[in-house]
Every structure is written in structure tokens, then in C-alpha cells.
Amino acid sequence: MQTRTMVNTAYLASTVVTALLGVGVVALALRSRRWHHYVPLAAYREVGADGSRPTSGLAQIAGRTSTWTALYVVLVLGFMIAPMVYASGAITGPAVIGAVGALVALYLVGGVYVALREHGRPSAQAAAGSAVATGMLFVLAITVLLVMS
């Protein structure tokens, strides 16, 4: 019995040490660059007559009322249909938790991409940022599985 406790403690200690090393690497990377003085390339592009920069395609879509109306209708339908499907027994608790986790992950990865594109980064850098966010989500999932098992 004591061997099992020692093994679980070793896994937990390894996870904590790895997390601390990861935080240290991120802190070192942030302090080693002069990112405070960074100006995106989009800031140097053409400026409109009123002093504003032209918006990207994503910003134009997000600025339309019809986009938000369609999103609202989809959310309302989802919130109405989800309890009925769950009550019918077609979907169980773990499937619901997995679906919510997948939606949060999709929101995070998509949000990183959109945020990087809106701040003047090219699509390749935005895709790389989304890939890093996806990798971090996988590391988080593996960590949770190791700690919970």
C-alpha cells in the first residue's frame, strides 16, 4: 500500500516541478525581450480620413448585427434542445462534460487566432499561436488525467 502512495506522490511532485519550470521559462522569455515597445505592422498601414485604420474581415463580420442575431438564435436553440436530449438519456454526463470542454477549447484556440490577427500579426503567426494554445490544452488534459488517476 505504501508503494502506491509513494508512486502517486512522485507523479504529483514531478507535475509540480514541471509546472514551475514552465512558468520560469515563460517569465524568462517575457523579461528577455523588449515587447513593451512593440508596434504592430498594422499601425503603420494606411489610415483613413477620420484617423482610424481599416478593419479586417473578421472585425467587419463581428461588427454586423446579423452575426450576433444568428449567434443568439443558435445559442437559444442549443440551450432549449440540450436539456431535452440529456433528459431523454441519449447523452450521458461525461459526454456533456466533454462537449463543454470541447467548446471551451475551441473558443480559446479561435480567440487566440482572432486576437493575434486583429493586432496586426500575419496568419502564419496567428496559426502558430493557436497551435501553442492547443498544445497547452493537451498538456493540461494530460496533467489532469495523471493527477486524477
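Side-chain atoms are counted along with the backbone in the values below, which use heavy atoms only and exclude waters and symmetry mates. If you read the sequence from its start, that first residue is 1, and numbering goes on from there. Everything quoted here is computed from the prediction, not taken from an experiment.
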Trainee: Mind checking whether V23 and L140 sit in one hydrophobic cluster, side chains of I, L, V, M, F, W, Y counted as touching below 4.5 Å?
Mentor: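 Each belongs to a different hydrophobic cluster.
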Trainee: I'd like to know whether Y72 forms a side chain to side chain contact (heavy atoms under 4.5 Å, CB included) with V76, so could you lay out the CA-CA distance, the side-chain angles of the two residues, the decisive distance to 0.1 Å, and finally the verdict.
Mentor: CA-CA 6 Å; Y72 176 75; V76 167; 3.6 Å; yes
Trainee: Measuring from L103:CG to Y107:OH, what's the distance to the nearest 0.5 Å?
Mentor: 12.0 Å
Trainee: Look up atom OG1 in T134 and atom CG in L108, then write down how far apart they are to the nearest 0.5 Å.
Mentor: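 Rounded to the nearest 0.5 Å, the OG1-CG separation comes out at 8.0 Å.
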Trainee: What is the minimum heavy-atom distance between M84 and M80, and which atoms define it?
Mentor: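 Reported closest heavy-atom pair: CE-O, 3.3 Å.
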Trainee: Is it the case that one hydrophobic cluster holds both L75 and W68, taking links as side-chain heavy atoms less than 4.5 Å apart, direct or via other members?
Mentor: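 Yes, because L75 and W68 connect within a single hydrophobic cluster, where side-chain heavy atoms sit under 4.5 Å apart.
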Trainee: Calculate, to the nearest 0.5 Å, the distance between atoms CG and CD1 belonging to L137 and I142 respectively.
Mentor: 11.0 Å
Trainee: For residues V112 and A133, report the shortest heavy-atom separation together with the two atoms involved.
Mentor: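 Looking at all heavy atoms of both residues, the closest pair is CG2-CB, 4.1 Å.
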Trainee: Minimum heavy-atom separation for G78 to P83, with atom names?
Mentor: O-CD, 4.5 Å
Trainee: Measure from the side-chain N and O atoms of T18 to the backbone N and O of S14, and report whether any donor-acceptor pair falls under 3.5 Å.
Mentor: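 Side chain of T18 to backbone of S14, a donor-acceptor pair under 3.5 Å: yes, one is there.
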Trainee: When rounded to the nearest 0.5 angstrom, what distance separates CZ in F138 from OG1 in T143?
Mentor: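 Answer rounded to 0.5 Å: 13.0 Å.
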Trainee: When rounded to the nearest 0.5 angstrom, what distance separates OH in Y113 from CD in E118?
Mentor: 10.5 Å
